[in-house]
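Lettering of chains follows the sequences in order, A, B, ..., and the numbering in each one begins at 1. Quick caveat, the model's predicted, so the values are computed rather than measured.
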Number of protein chains: 2
Amino acid sequence: MARHSILDSLNDTLRKETLENIRVMELPPGQILFTAGEHCQGLPLVMGGRIKVQMTGVSGHSIVLYRMQADDICTLSIGCLMTGRAYRAEAVVEEGAEALMIPRGVFDRLMDQSAEFRLGIMESYGRRLDDLMLLVEEVAFRRMDRRLEEWLLAHAASGTVVITHQELAVELGTAREVVSRLLKELERRDMVKLSRGKIEVTGLAESSSPA
Amino acid sequence: MARHSILDSLNDTLRKETLENIRVMELPPGQILFTAGEHCQGLPLVMGGRIKVQMTGVSGHSIVLYRMQADDICTLSIGCLMTGRAYRAEAVVEEGAEALMIPRGVFDRLMDQSAEFRLGIMESYGRRLDDLMLLVEEVAFRRMDRRLEEWLLAHAASGTVVITHQELAVELGTAREVVSRLLKELERRDMVKLSRGKIEVTGLAESSSPA
DNA sequence: CGACTTCAGTGATAAAGTCACAGTCAATCT
DNA sequence: AGATTGACTGTGACTTTATCACTGAAGTCG
């Protein structure tokens, strides 16, 4: 039942030992895996579902940093686990998920005994750094209308997304009013249909407006 | 000669072996440690000086992501080293530096044999993720005038910084014109004195304008 | 059915980014 | 030295994005 690709690489003894010492967590949608200021209890290995990680600035604004899905590792937790610092971000379950909680001791042991486990952790870290670097660039330099269109394409290629303007603003790290106005403009151009709490994408091509 | 705190934790045998297999790099100011698209040759351990890491977006704009100083580890390189991906960012030496280059094999061996080395790496990773998360928040939500003032305070508490407006724009991830105008406004308020290629900070208090 | 809450739309204004260009300063080259 | 060149700075005009303040519309629940 406890399936996560990073555990596959372990030898039988180590895997057996690990499985005896970890906890399986059931994560219903809406559940908070951790919040800012909290301390880390263990390393979550995500087995399924979808979990978003977002942070809230001093200004009170929030922005989604990245998402975790099946076979992901909550890299953010490692830093907190190792140094004892508190989380700076918050993780919210979007789609009902299952995760394994690896306590500090087991993590240390796996890092010590399995080169494959280490590789998995390092890869995960690398990907996360990459994600964040891309996000910095996105937020710093790209135009909001393009980013909104891309988000819609990625999340509702030509169907319907259930999301409020406020939530979409957090996805993009902007203000609700900005999203409302841009969406309204897209509706005028017949690219989306708006209704309370959902957006129907009707005519967004891969490069609708010239870059 | 080769001093980096993470090596102190190693036992004698391991340290001796490591020192025999690493290369010391002299890094004069201006030297490029790596550029975007390049592949990683080893893990740099920074022994001194200062190196800035910045990336350039598709738009052609650049932004400084973070800096490395004495006893830092170029965490970014680990991901590239382990997965073979190319660098996405660029590292430029600001103050003449020395660094140790740890090749892949030695890195693997250290990760395998030293719990302290692993801890150092993990800590470094954690800090980097934290830095980037803070940067995302900064770029997404904070006002440019405040950020500029803070930058000036941090880099020239009440002295002079040698920097062009263009370089300062890259520090903050904005456009040169924006920096020029904000600086001019600060000069009108007698908080800085401007001259070609340098800025003299004369009257910037910790919270000059109300947050 | 109201009363309440959440969500969406919009005008007015301020901040930031873009484009185009002019002026200034310093270094280099006959 | 004077001319030329290139990097640096300043600024107007305009667009995009953010903020503030408010209105109305859509769902929820007593």
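Rounded to an integer number of Å, the gap from CZ of A/R142 to P of C/dT18 is 13 Å. The distance between atom CD of A/Q166 and atom C1' of C/dT5, rounded to the nearest whole Å, is 15 Å. C/dT10 atom P lies 11 Å from atom CD of A/E185, rounded to whole Å. In this structure, A/M144 atom CE and C/dA15 atom P are separated by 19 Å, rounded to whole Å. Atom NZ in B/K184 sits about 16 Å away from atom P in C/dG23, given to the nearest Å. Straight-line distance from the CZ atom of B/R176 to the C1' atom of C/dA22: 12 Å, rounded to whole Å. What separates CZ of B/R196 from P of C/dT24 is a distance of 12 Å, to the nearest Å. Distance B/L182 CG to C/dA15 C1': 9 Å, rounded to the nearest Å.
Toward the 5′ end of DNA chain C lies the nearest nucleotide of A/I163, the other residue of the pair A/A140 and A/I163 mapping further downstream. Nearest-nucleotide mapping onto DNA chain D: of B/R188 and B/E167, the residue sitting toward the 5' end is B/E167.
Between C/dC21, C/dT18, C/dG9, one nucleotide has an atom nearer to the side chain of A/L194 than all others, and that is C/dG9. Listed nucleotides: C/dT10, C/dA8, C/dA20. Nearest to the side chain of A/T164: C/dA8.
Salt bridge status for A/D131 with A/R128: present, with a side-chain N to carboxylate O gap under 4.0 Å.
A donor-acceptor pair under 3.5 Å links the side-chain atoms of B/R104 to the main chain of B/L81, judged by distance alone. A donor-acceptor pair is defined here as one N or O able to donate and one able to accept, closer than 3.5 Å; such a pair exists between the side chain of B/D71 and the backbone of B/S5. Between the side chain of B/H39 and the main chain of B/G84, a donor-acceptor pair closer than 3.5 Å is present. Distance alone, capped at 3.5 Å, places no donor-acceptor pair between the A/H61 side chain and the A/G57 backbone. Looking only at distances, a side-chain donor or acceptor of A/T202 sits under 3.5 Å from a matching main-chain atom of A/D190.
Here A/R143 lies in heavy-atom contact (under 4.0 Å) with sugar-phosphate atoms only.
Between C/dA16 and B/T174, no contact under 4.0 Å exists linking OP1 or OP2 to a side-chain N or O.
Scanning DNA chain D 5' to 3' for nucleotides with an atom closer than 4.0 angstrom to a non-hydrogen atom of chain A gives a first and last hit of D/dT16 to D/dG27.
What you find for A/A89 and A/V53 is that their closest heavy atoms are CB-CG1, 3.9 Å.
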